[in-house]
Amino acid sequence: MKEMRVSQLLNPTLREVPAEAEVVSHQLMLRAGFIRKAAAGIYTYLPLGWKVIRKIEQIIREEMDVKGGQEVMLPIMQPAELWKESGRWDVYGPEMFRLKDRHNREFCLGPTHEEIITDLVRSEVRSYKQLPLLLYQIQNKYRDERRPRFGLMRGREFIMKDLYSFDKDLPGLLESYDKMYKAYERIFTRCGLTFRAVEADAGAIGGTGGTHEFMVLADSGEAAVVFCKECDYAANVEKAECLPRLVPTDDSLKVMNGEIHTPGTKTIDQVANILKINKTSLIKTMVYKGDDKYFVVLVRGDREINEIKVNNSLGPFVNLRMAQPEEVLSLLKCEPGFVGPIGIDNDIVIAADLEVAEMESLVCGANKKDYHLVNVKCGQDFVPTKTLDLRMVVTGEPCLKCKGKLQEARGIEVGQVFNLGKKYSESLKATYLDDKGHEQYCLMGCYGIGVSRTMAAAIEQNYDNNGIIWPMPIAPYHCIIVPVSLKDEEVVSTAEALYKELTELGVETVLDDRDERAGVKFKDSDLVGYPLRITIGKKTLAEGKVELNNRRTGEAQLVTAEDACALVKAIVDEALK
RNA sequence: CGGGGUAUAGCGCAGUUUGGUAGCGCGCCUGCCUUGGGAGCAGGAGGCCGGGGGUUCGAAUCCCUCUGCCCCGACCA
């Protein structure tokens, strides 16, 4: 019989909040004795923290296995050759931990495992008869984040599940994608999380198809998402699109013409003020440098440029940044505040946002210090090289799908599903022979879940002033038994008997056998977040009763010891169903 | 990687301005007492004051330097 007494449990709880922790999940995990920091972004999991991790992993395993996933163990330390072959050795940059062996051969600590898994499959898969293949692993991954923070939320060493799908054709890939999407919905639901799947940008992993991120909605989330109140549209702001929202031209603008003197105006606000027009009537002209190429991006004055959209539609670039003022000056012979799209060299690409293209009359920089041009129209006065969606979406804008109002929220990204297409199978030559004997590239998908981050996210959504409130399926233990005094023999013997019985019933139970005052035990049990607590005290025991407390509802009921057992068993079974 | 902050006992902090050999609360150990929401009393253990260098009779304190950590920004599955 597995048993655990709190007196023996390595569960160092803290009364005070360690100064280094900012977000609730980090504070509570430290205070409740779940994790300890080893270095920035690197943590030790203590017994209770590790139990939660293993519960989450187990739920993931079950749902992956149901879909035909096969678990493997892949190397964390990976040879540079594979990464050079895929082209990502150079692309990944300083975020990858790199090391050398005694022979000076290069390796990295895997930030992800596409290369290594594709290498396996290309060696071992020959025939279409072996496909589809769904392989997954749950392991540590390493990313040398510029700024690790928020405890387990953004670590440099973290636990991740990745499943890689290999299919012989597009319908197969779409089916694998759909399987994983549905599995993820089940996983996060079972973990007790409120989440939303959102359309997302594929980022460095790349790939040809769509991608969805699974976001746990929480104010502490690092990601911003928008979703529609009317329909099911939801997207990461990096990706979010909406209908262009046209605004009428300023009346005051109609009476102006040509070049206007606008001395000293460095910002959109200053120009709008001096001309007494709305920012919506201005063109924001930004010069970017993508690798070694300069180009110009135009959005309306009230808009923010979405650099991810810029990168996706004009790049992709390894390095994309705004041009320095000196660079702008030497490129356009004009200071940044007064640049505009008219009269720019033909070989410089001009990318205009959809809204810029549709405005009747606009103001832009004259490419001449202290002057702006008024009554400019896109298509007449200048012709952009490309016209596309390049801006950030904000709250209240019309949904692309249904014209409903979009709303913003914060989210913690706990999972992402990617349709990779042939990106890695081509670069790493993962092929199979089809039923006609022709060699074909595998179609791949990759599906990640941040396991350690999911633990943090679960806390962000389940806590109160007293501590964590674990959802039953991922709680380190289901139930804690608290004998109020160790001096009273009947209290102790009842506690021991209940403990034995519950444990035999398969309820994961700990017994708080510490010789502490009741208050201390209650505080600790609330902090750690055991879903159920049985309190055994002299007074109630005199009436033949013990108390059953529900951590989430705060509800307490007096029942006989016998009933307490049956009740706890029933509650746990119901919650795990 | 830029900007800011910080480093003193396991945790939270004071002491640094004005140099004189280290302190408070919590936790920990012993004993008494107490036992339904982090009790009380008494006694105790625990610190190369982040590292290195300098100034000085003397440095937690002043100067130089390195490092760790935290925050903001940039960046990022």
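Here is how names work: the chains are called A, B, and so on, in the same order as the sequence lines, proteins then strands, and each is numbered from 1. All heavy atoms count here, side chains included; hydrogens, waters and symmetry mates do not.
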Considering only [options], which nucleotide approaches the side chain of [X] most closely?
X: A:R146; options: B:A74, B:C72, B:A77; result: B:A74
X: A:R143; options: B:C71, B:U35, B:A77; result: B:A77
X: A:E16; options: B:G12, B:C76, B:G36; result: B:G12
X: A:A518; options: B:G36, B:C69, B:A77; result: B:G36
X: A:K487; options: B:U34, B:C69, B:G38; result: B:U34
X: A:A19; options: B:G12, B:C70, B:C75; result: B:G12
X: A:R15; options: B:C71, B:G38, B:U34; result: B:G38
X: A:M160; options: B:U35, B:A77, B:C71; result: B:A77

Do the non-hydrogen side-chain atoms of A:V546 and A:V559 ever get within less than 4.5 Å of each other?
yes
Considering the options A:E85, A:E115, A:E114, which one meets the salt bridge (charged side-chain N to carboxylate O under 4.0 Å, His left out) requirement together with A:R122?
A:E85
C1' atom, B:C75 versus B:C1: distance in rounded Å?
9 Å
Using the P atoms only, state how far B:C49 lies from B:G20, rounded to an integer number of Å.
15 Å
Is the shortest distance from a Lys or Arg side-chain nitrogen in A:D563 or A:K545 to a carboxylate oxygen in the other one below 4.0 Å?
no
Can we say A:R98 and A:E106 salt-bridge, meaning some charged N sits less than 4.0 Å from an Asp/Glu carboxylate O?
no
Give A:G448 one of three labels, base, sugar-phosphate or nothing, depending on what nucleic acid heavy atoms sit under 4.0 Å from its own.
nothing
Short side-chain to backbone donor-acceptor contact, A:R143 and A:F158, under 3.5 Å
no
Check: B:G37 base within 3.5 Å donor-acceptor of A:R533 side chain
yes
Once hydrogens and angles are ignored, does a donor-acceptor distance under 3.5 Å link the base of B:G36 to the side chain of A:E547?
yes
When both distances are under 3.5 Å in a Watson-Crick or G-U wobble arrangement, the nucleotide paired with B:C48 is none
Looking at B:A42, which nucleotide sits across from it as a Watson-Crick or G-U wobble partner, both distances under 3.5 angstrom, or is there none?
B:U30
Whole-Å distance, A:K521 NZ to B:G38 C1', equals 13 Å
